[in-house]
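Working notes, beginning with the structure itself.
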Amino acid sequence: MINTIFGKSLISVLDITPAEIKIIFDRTSQMRQLVTTKGGDDRLSHRIMAALFYEPSTRTFSSFISAMQRLGGGIIPLNGMKNTSVEKGESFHHTVQVFSRYADCLVIRHSEAGLPKLATNYITRPVINAGDGFGEHPTQALFDLYTIIEKLGHLDGLTITLVGDLKFGRTVHSLSQLLVGLSTQVVINLVAPTQLRMPADIIENIQKRNIKILETSNLDEVLAQTDVLYVTRVQKERFDNISEYEKLKSYYIVDKKKLKTAKKKMIIMHPLPIAAGEIQNEVDSDPRSVYLNSQLSNGLYLRMALLDLILNR
Ligand code: CP
């Protein structure tokens, strides 16, 4: 099969075709097998990745570093942009041009939506969007989808409930659009307070595909029918008015009591971090929770697959 992902940037889930998702998921399963049997191999030796993280990260940063190293590749040892010449005022477009001379691909996280896309105007190396402001987080959405299919076996017929900060939450912007690109047989519940509703352009994109959507602020209205409960953090860093954040941060609390009406086979997801108790610690050990186990591991396997496909013909 031709690797159409070779040399490509990944900025938005809208950049990827269903055929490419299948290629990525097949490779992800191979990576899981590789890590669990041998830990990794050296297929990316002599390739270098630069991870330019202008915003904090635990999972995305570490899993990209781990992915590259498990495949024998090298990294430029950055951890955030603090000790780079960005501190001296170097511009974004000079910074990406510099790193593109030293690395074979750039993984970029930025607080401003659109910056990873902008980088592709300045350089020819592939760019992977590792989360851009309240824009998208395409690699997260890919392994979220992989996890849903791994756990529930299929996508058609599922009711997927996205809860919390749907306005600023980039993971749900990507996941909702990825889901509807693959199946017209899903039902999507968008559960948010009025102030944090999903942006209108994303709702329009979903509706264009004749997908059944229900918007509500009441989680109890949809919980019993839900197959995938995807909870998000209210994104404090995107608020101009901190008192507005304080009012909204704990609008939804998922705890054992709340989950009593939920299906036994439902899965509970969260991109993490949990910052305001939106999922209570007591739920961590619920067998339906995947956010501290397979959702995390699949992030590593999927990023290994992507780096392999992008950097190896
Ligand atoms: N899910 C996610 O993007 O987590 P980090 O911010 O820790 O990378």
Side-chain angles (χ1 to χ4, degrees), residues 10-13 28 49-70 75 77-82 105-116 127-148 150-151 160 162-179 196 228-239 245 249 254 267-279 281 283-284 289-307:
L10 174 56
I11 304 298
S12 161
V13 291
T28 301
M49 176 188 81
L52 311 185
F53 275 58
Y54 287 79
E55 261 197 343
S57 166
T58 295
R59 284 144 286 271
T60 312
F61 179 77
S62 310
S63 58
F64 265 113
I65 301 292
S66 176
M68 197 65 190
Q69 292 186 324
R70 282 189 183 273
I75 53 149
L78 298 167
N79 188 355
M81 302 307 283
K82 270 239 160 10
C105 74
L106 269 55
V107 176
I108 301 178
R109 169 168 289 191
H110 206 286
S111 54
E112 215 178 298
L115 267 285
V127 174
I128 301 176
N129 179 359
D132 60 330
F134 52 81
E136 279 212 41
H137 199 344
T139 62
Q140 172 84 42
L142 280 166
F143 69 78
D144 288 343
L145 174 62
Y146 181 89
T147 304
I148 292 170
E150 177 192 58
K151 289 289 167 191
I160 296 164
L162 308 177
V163 189
D165 187 349
L166 307 188
K167 178 180 179 182
F168 295 125
R170 56 196 174 201
T171 65
V172 284
H173 297 169
S174 291
L175 180 60
S176 56
Q177 297 187 94
L178 188 64
L179 286 169
L196 297 177
V228 177
L229 180 66
Y230 192 101
V231 185
T232 63
R233 160 181 84 91
V234 177
Q235 306 266 303
K236 184 179 185 181
E237 62 274 37
R238 315 273 176 237
F239 280 75
Y245 165 75
K249 69 177 185 189
V254 175
I267 59 170
I268 307 164
M269 305 182 79
H270 192 304
L272 303 181
I274 293 169
E278 62 272 14
I279 298 182
N281 287 342
V283 179
D284 293 356
S289 293
V290 300
Y291 50 85
L292 285 176
N293 43 67
S294 46
Q295 202 179 350
L296 289 177
S297 311
N298 289 337
L300 171 68
Y301 308 144
L302 187 126
R303 287 173 176 138
M304 290 172 74
L306 263 183
L307 289 169

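Counting convention: from 1, in listed order, for ligands and their atoms alike. One-based numbering along the sequence shown.
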* To do: Quick one: closest heavy-atom pair of P56 and R109, and the distance?
  =>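 Looking at all heavy atoms of both residues, the shortest contact is O-NH1, 2.9 Å.
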* To do: Provide the closest heavy-atom pair for T232 versus H270 in the form atom of the first, atom of the second, distance.
  =>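 Answer, listing the atom of T232 first, then H270: C-NE2, 3.8 Å.
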* Which is closest to atom 1 (N) of ligand 1 by heavy-atom distance: P271, A130, S57? ->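 Minimum heavy-atom distance to atom 1 (N) of ligand 1 goes to P271.
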* For atom 6 (O) of ligand 1, state which one of R109, R233, R59 supplies the nearest heavy atom. =>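 Among R109, R233, R59, the closest heavy atom to atom 6 (O) of ligand 1 comes from R109.
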* Can we say R238 and E55 salt-bridge, meaning some charged N sits less than 4.0 Å from an Asp/Glu carboxylate O? ->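 Looking at E55 together with R238, the answer is yes, because their closest N to O distance falls below 4.0 Å.
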In ligand 1, which numbered atoms sit nearer than 4.0 Å to a non-hydrogen atom of [X]?
X	result
T58	5 (P), 7 (O), 8 (O)
T60	2 (C), 3 (O), 4 (O), 5 (P), 8 (O)
L272	1 (N), 2 (C), 4 (O)
Q140	1 (N), 2 (C)

* Asked: Can you find a pair of side-chain heavy atoms, one from V107 and one from R303, that are under 4.5 Å apart?
  ->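 SC-SC contact between V107 and R303 ruled out.
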* Side-chain donor/acceptor of D165 to backbone N/O of Q235, under 3.5 Å ->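 Present.
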